[in-house]
*Asks:* 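The following block contains the structure, expressed as structure tokens.
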Amino acid sequence: ADMMLKLAAKFVAISMLALPLVACFDGTIEVAVTSATTARIEALQVINADTYGMLKRADEDADYSALDEFCTVGDLTETEDGGATCTVVREGSFTTLRNFNGTSGDLTFEPAGNGLVRVSMSTKGLRDMAGAKVEMTVDGETREMAEAYFAGHTMTIRIGGGAVTDTNLTLSKDKESAEVVYPLLDLVTGKAELPQEFYAVVRLP
């Protein structure tokens, strides 16, 4: 029974932390085509000093690590301002990267002829997140708390690795990548207009 209690306590603590944890970071997912058959994905989460301090304190008080929840896969680096970043890098063939987060079809690479590769990323995960979180923040107080956490934080999706010839994202000045930046609050409240997929056609480097 003691074991069950510990697990229950851990679960409650994690779910209490889960909302601020999801909320108080700035995220970037960058996909770069590196050859006709390979690519590199870098996912970056940045948490500010306040949040990191909070996680560290929670860490000292409990017998499980709240920090582990933040960076379960990836490298945690402390930044000079007292915050932290979690970096996950995956490199490999298109086939292996297609399942980079355990689900297939999130990311697809299709040869588009003439040395071009069409990279597309399904937004289903983001849309599901938007749907799920709204229900969590139905009552006014919770919603206000959530909005305070999410405010000012963003999620960036970037695709590149070569000259981008066609995309539904915003082309960078050097035309070597395209990106979209969403306020996390808009994603969570479902305000953000998400296409079915983000895509960019990249000329092989």
Side-chain angles (χ1 to χ4, degrees), residues 18-19 21-34 36-46 86-138 143 146-147 149-205:
L19 182 68
L21 263 180
V22 168
C24 43
F25 70 78
D26 292 295
T28 304
I29 296 174
E30 186 162 357
V31 183
V33 176
T34 49
T37 54
T38 59
R40 179 178 195 270
I41 299 170
E42 186 173 338
L44 197 67
Q45 286 181 319
V46 181
C86 181
T87 314
V88 180
V89 178
R90 295 271 181 275
E91 291 186 75
S93 70
F94 292 161
T95 327
T96 50
L97 292 179
R98 188 171 292 159
N99 306 322
F100 79 103
N101 60 358
T103 52
S104 60
D106 280 350
L107 193 59
T108 39
F109 300 90
E110 296 161 296
N114 300 330
L116 299 172
V117 175
R118 187 183 191 278
V119 183
S120 57
M121 189 186 291
S122 162
T123 59
K124 187 181 182 306
L126 288 174
R127 292 201 307 272
D128 289 351
M129 180 181 102
K133 287 291 182 294
V134 172
E135 289 158 36
M136 263 172 58
T137 56
V138 173
R143 182 185 282 275
E147 287 183 357
Y149 277 126
F150 287 102
H153 292 290
T154 56
M155 179 79 198
T156 304
I157 311 283
R158 188 179 300 122
I159 301 173
V164 175
T165 61
D166 179 26
T167 183
N168 65 347
L169 306 175
T170 307
L171 204 55
S172 66
K173 278 200 174 76
D174 65 4
K175 298 187 170 52
E176 292 283 308
S177 67
E179 66 175 49
V180 64
V181 181
Y182 284 106
L184 279 183
L185 190 55
D186 289 0
L187 284 176
V188 168
T189 54
K191 260 192 213 142
E193 292 285 318
L194 289 164
Q196 292 294 310
E197 61 170 23
F198 299 126
Y199 78 89
V201 178
V202 179
R203 190 173 297 288
L204 290 170

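Not measured: the values here are computed from a predicted model. Both backbone and side-chain heavy atoms feed into the values below; hydrogens, waters and symmetry mates do not.
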*Asks:* Mind checking the NZ-OH spacing from K191 to Y182? Nearest 0.5 Å is all I need.
*Replies:* 14.5 Å
*Asks:* State which residues pass side chain to side chain donor-acceptor pair (under 3.5 Å) with T87; sequence neighbours excluded, sorted by chain then number.
*Replies:*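 Residues passing side chain to side chain donor-acceptor pair (under 3.5 Å) with T87: none at all.
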*Asks:* Output yes when a side-chain donor or acceptor of N168 lies under 3.5 Å from a complementary backbone atom of E197, and no otherwise.
*Replies:* yes
*Asks:* Please tell me if the side chains of V164 and V201 come closer than 4.5 Å, counting only heavy atoms from C-beta onward.
*Replies:*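 Answer no - side chains too far apart.
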*Asks:* Quick one: OG on S120 to CG on L107, what's the gap to the nearest 0.5 Å?
*Replies:*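 CG of L107 is found 7.0 Å from OG of S120.
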*Asks:* Going by atom type alone, with no hydrogens or angles, which donor-acceptor pairs under 3.5 Å involve a side-chain atom of residues 154-163 and a protein atom two or more places apart or on another chain?
*Replies:*
| unit_1 | atom_1 | unit_2 | atom_2 | d |
| --- | --- | --- | --- | --- |
| R158 | NE | E179 | OE1 | 2.7 |
| R158 | NH1 | E30 | OE1 | 2.9 |
| R158 | NH2 | E179 | OE1 | 3.1 |

*Asks:* Does V119 form a side-chain contact (heavy atoms from CB on, under 4.5 Å) with V33? I'd like the steps, not just the answer.
*Replies:* CA-CA 8 Å; V119 183; V33 176; 3.6 Å; yes
*Asks:* How long is the straight-line distance from CZ of R40 back to CD of E91, given to the nearest 0.5 Å?
*Replies:* 5.0 Å
*Asks:* Under the 3.5 angstrom rule, does the side chain of T167 hit a backbone N or O of Y199 as a donor-acceptor pair?
*Replies:* yes
*Asks:* For F109, what residues pass the ring pair (Phe, Tyr, Trp, His ring centres under 6.0 Å) criterion, not counting sequence neighbours?
*Replies:*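 Once residues adjacent in sequence are excluded, the partners of F109 under the ring pair (Phe, Tyr, Trp, His ring centres under 6.0 Å) criterion are F94.
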*Asks:* Tell me yes or no: between the side chains of S93 and T38, is some donor less than 3.5 Å from an acceptor?
*Replies:* no
*Asks:* Per the side-chain contact (heavy atoms from CB on, under 4.5 Å) rule, which among I29, T108, L169, I41 passes with M121?
*Replies:*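 Output: one option passes, namely I29.
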*Asks:* Okay, side chain of N114, backbone of L116: is any donor-acceptor separation there less than 3.5 Å?
*Replies:* no
*Asks:* Quick check: do E42 and V88 have side-chain heavy atoms less than 4.5 Å from each other?
*Replies:*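 No - every pair of side-chain heavy atoms lies 4.5 Å or more apart.
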*Asks:* Considering only heavy atoms from C-beta outward, does the side chain of T165 approach that of R203 to under 4.5 Å?
*Replies:*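 A side-chain contact exists here, since the closest heavy-atom pair is under 4.5 Å.
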